Amino acid sequence: MNDSYMEYMVRKRFTAKDYLCRISIIVLTVFFLLLSPVIPVSLIIAAILAAIAYFVVFPGTDLEYEYLYCDKQITVDKIMAKKKRKQVAIYDTDKIELLAPVNSYRLKAFEHRTFKEIPLWSMKEDDNVPYVMIYEGNLKVILDLPAEFVKLVQNVAPRKVYFD
């Protein structure tokens, strides 16, 4: 019985789309708020937009991913605005076909296949190279894993996990 355990958390970088969503909802809210003395209905619209901004846009753009390895499973959770946690997926190491860095030559063997791509990484351009996991033949999952995390998975599935 392998009882290895590790968790790793990474914060997603703000993209231009995230900034655009936040700024546009704020501008629209302020516009309808300023329009409210002339058109009273716009105060209700401003209140609705403020609620959408608070409950949907701001938590949806402030994301962290938590990777958890326990009992031959990789669990990915999405944490929104440090308040709400949602389990994104559970990946069983027995069903992994390949786990390698994004720039690995081993991914060339999978280029001819079509995958559903699931980006679950921080999108930061730092020293940490994202890993690509080919899962069950039809999923291509991009994860932001540290070397220690990948080493734990390699202990369970040595012929499927690579560092090059």
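Bear in mind the structure is a predicted one, so any value in this text is a computation, not a measurement.
- In this structure a side-chain-to-backbone donor-acceptor pair under 3.5 Å is missing from K82 to E64.
- Distance check, rounded to the nearest 0.5 Å: CD1 of I79 to CZ of R85 gives 4.0 Å.
- Each of V56, L63, T61 was scored for a side chain to side chain contact (heavy atoms under 4.5 Å, CB included) with M80, with one residue passing: L63.
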Fill in: Working for side chain to side chain contact (heavy atoms under 4.5 Å, CB included), residues L107 and L98
CA-CA 8 Å; L107 291 171; L98 178 76; 3.5 Å; yes
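- Residues I96 and L99 share a closest heavy-atom pair of CG2-N, 4.2 Å.
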Item to complete: For R22 and F14, run side chain to side chain contact (heavy atoms under 4.5 Å, CB included): C-alpha distance rounded to whole Å, both residues' side-chain angles, the deciding distance at 0.1 Å, then the answer.
Response: CA-CA 11 Å; R22 284 179 168 218; F14 281 108; 3.8 Å; yes
Worksheet item: Hey, mind stepping through Y5 and L68 against side chain to side chain contact (heavy atoms under 4.5 Å, CB included) and telling me if it holds?
Response: CA-CA 7 Å; Y5 175 85; L68 177 71; 3.2 Å; yes
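- The backbone N or O of P101 lies less than 3.5 Å from no partner atom in the side chain of S104, so there is not a single donor-acceptor pair.
- Atom CZ of R113 sits in a crowded spot, with more than 12 heavy atoms from other residues, nucleotides or ligands closer than 6.0 Å.
- Without hydrogens or angle criteria, Y135 side chain to D92 main chain gives a donor-acceptor distance under 3.5 Å.
- For E97 (side chain) and G137 (main-chain N/O), a donor-acceptor pair under 3.5 Å exists by modelled atom type.
- The aromatic rings of F149 and Y69 lie perpendicular to each other, with more than 60° between the two planes, well past the 30° mark.
- Here the CG atom belonging to N138 is positioned 8.5 Å from the NZ atom belonging to K116, to the nearest 0.5 angstrom.
- Rounding to the nearest 0.5 angstrom, the gap separating the CG atom in L145 from the OH atom in Y8 is 8.5 Å.
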Show every donor-acceptor pair shorter than 3.5 Å between a side-chain atom in residues 45-55 and any protein atom, with sequence neighbours excluded, or say none if there are none.
none

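- Rounding to the nearest 0.5 Å gives a distance of 11.0 Å between OG1 of T93 and CG of L152.
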